[in-house]
There are 2 protein chains.
Amino acid sequence: MQLDQLDRLIIGVLLEDGRATFAQIGDRVGLSAPAVKRRVDRLVSSGAIAGFTVRVDPSVVGWSTEGYVEIYCRGSTTPGEILKAVDKHPEVVSASTVTGEADAILHILASDIRHFEQVVERIASEPFMVRTKSELVLSPLVRREQGSLPTDIGS
Amino acid sequence: MQLDQLDRLIIGVLLEDGRATFAQIGDRVGLSAPAVKRRVDRLVSSGAIAGFTVRVDPSVVGWSTEGYVEIYCRGSTTPGEILKAVDKHPEVVSASTVTGEADAILHILASDIRHFEQVVERIASEPFMVRTKSELVLSPLVRREQGSLPTDIGS
DNA sequence: TTTGAAAACAGTAAAAC
DNA sequence: GTTTTACTGTTTTCAAA
């Protein structure tokens with residue numbers, strides 16, 4: 001889907017406050033509430049907006065252990081196989097294939113170190129896995145997970 | 001702040017749908033709308049809920065280049081110094097000090113490779129920096145950034 | 001303390017243009 | 001795209017568990 005400037009402005013406002021009313025958004029982007037609603041509905045149904053959530057500090061809610069795991073796979077492994085293997089674990093909050101030595105990097109949230117180890121072991125036991133390299137998070141410094149838009153439209 | 005089971009259930013619903021009405025949340029957790037509102041207000045003012053946002057695919061909105069950057073610092077570098085250096089870049093969506101060889105790992109969103117390189121170079125030019133190691137994302141496989149709660153309460 | 005019910009208020013959604 | 005209007009959700013008050 002193609003976004004115009006107004007769509008980008010609306011998304012910018014919603015990134016800051018996902019519960020902003022259509023009238024509040026309209027005030028900031030120069031549109032009436034119904035016009036904003038129609039655009040938001042269109043952005044949601046087209047998939048440009050995947051959904052709405054709440055921002056919660058993982059540790060507050062019980063995810064007190066966090067880490068990044070680089071995975072190294074057999075040469076023949078496809079991204080689809082990696083996806084299938086990691087997607088079944090809710091503890092894997094993100095996974096991407098990457099350039100460099102590793103084939104993919106996973107971001108994992110667990111309730112404690114034992115839990116973290118269990119998840120990594122279950123992933124490491126996949127047939128295509130060669131080895132894993134874990135880096136446990138000591139202290140989270142920045143956690144924005146997308147706070148703004150390129151060129152800072154929308155702030 | 002201490003969360004009870006109802007707070008956790010409410011957060012679980014809001015993680016799935018950050019724009020759920022108080023009545024909808026109430027139906028799922030067994031509370032009236034005003035009771036839910038009071039709890040959500042308390043969770044927000046206590047900071048347990050940091051805010052509400054929209055889930056957007058970064059590439060849809062113009063962040064088409066993504067990568068992880070491991071940074072290696074002088075032995076005397078504090079987490080505070082790293083935070084100060086990376087927090088000024090809106091492209092850094094997360095940063096954490098980690099175990100292992102690297103001192104910290106950054107997650108960066110940029111509009112293109114040139115932009116990505118500029119951000120890494122600006123960070124690499126900090127006085128305490130020894131070296132950086134970048135891994136560019138090829139394909140994002142999983143992007144949940146926190147979809148559930150430990151023990152899967154709230155689903 | 002925290003909850004539920006009711007009422008006043010504000011926002012949403014579907015018409016109209 | 002805006003305006004209007006009926007409807008739904010929010011927010012406050014107050015009484016009760």
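Reminder, nothing fancy here: chain letters follow the sequence lines and each chain counts from 1.
- Scored by the side chain to side chain donor-acceptor pair (under 3.5 Å) test, A:D41 finds A:K37 as partners (sequence neighbours excluded).
- Contacts between residues 43-55 of chain B and DNA chain D, defined by a heavy-atom separation below 4.0 Å, involve no residue at all.
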- Message: Test side chain to side chain contact (heavy atoms under 4.5 Å, CB included) on B:I71 and B:M129; report intermediate values, then the result.
- Response: CA-CA 7 Å; B:I71 66 172; B:M129 289 288 309; 3.7 Å; yes
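- As a whole-Å value, the separation of B:Q5 CD from C:dT2 C1' is 17 Å.
- We find that CG of A:L6 is positioned 11 Å from C1' of D:dG1, with the value rounded to whole Å.
- Using a 4.0 Å heavy-atom cutoff across all strands shown, A:I25 reaches no nucleic acid atom at all.
- For residues 108-147 of chain A, no pair satisfies ring-ring contact (aromatic ring centres under 6.0 Å, His included), with sequence neighbours left out.
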Could you pull out the protein-nucleic contacts involving nucleotides 11-14 of chain C (nitrogen or oxygen on both sides, under 3.5 Å)?
| from | atom 1 | to | atom 2 | distance (Å) |
| --- | --- | --- | --- | --- |
| C:dT12 | OP2 | A:F22 | N | 3.1 |
| C:dA13 | OP2 | A:K37 | NZ | 3.3 |

- Would you please test B:R55 and A:L15 for side chain to side chain contact (heavy atoms under 4.5 Å, CB included) and show each step? CA-CA 8 Å; B:R55 273 182 284 138; A:L15 280 168; over 6 Å; no
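- Considering only residues two or more places apart in sequence or on other chains, A:T97 meets the side chain to side chain donor-acceptor pair (under 3.5 Å) condition with B:S139.
- Salt-bridge check for B:R143 with A:E145: failed, with every basic side-chain N at 4.0 Å or more from each acidic carboxylate O.
- B:L31 has its CG atom 11 Å from the P atom of C:dA5, to the nearest Å.
- Residue pairs meeting the salt bridge (Lys or Arg N to Asp or Glu O under 4.0 Å) criterion with at least one partner in residues 69-86 of chain A, sequence neighbours excluded, are A:E70-A:K133.
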- Task: For B:Q118 and B:E91, run side chain to side chain contact (heavy atoms under 4.5 Å, CB included): C-alpha distance rounded to whole Å, both residues' side-chain angles, the deciding distance at 0.1 Å, then the answer.
- Result: CA-CA 11 Å; B:Q118 283 169 9; B:E91 295 90 352; over 6 Å; no
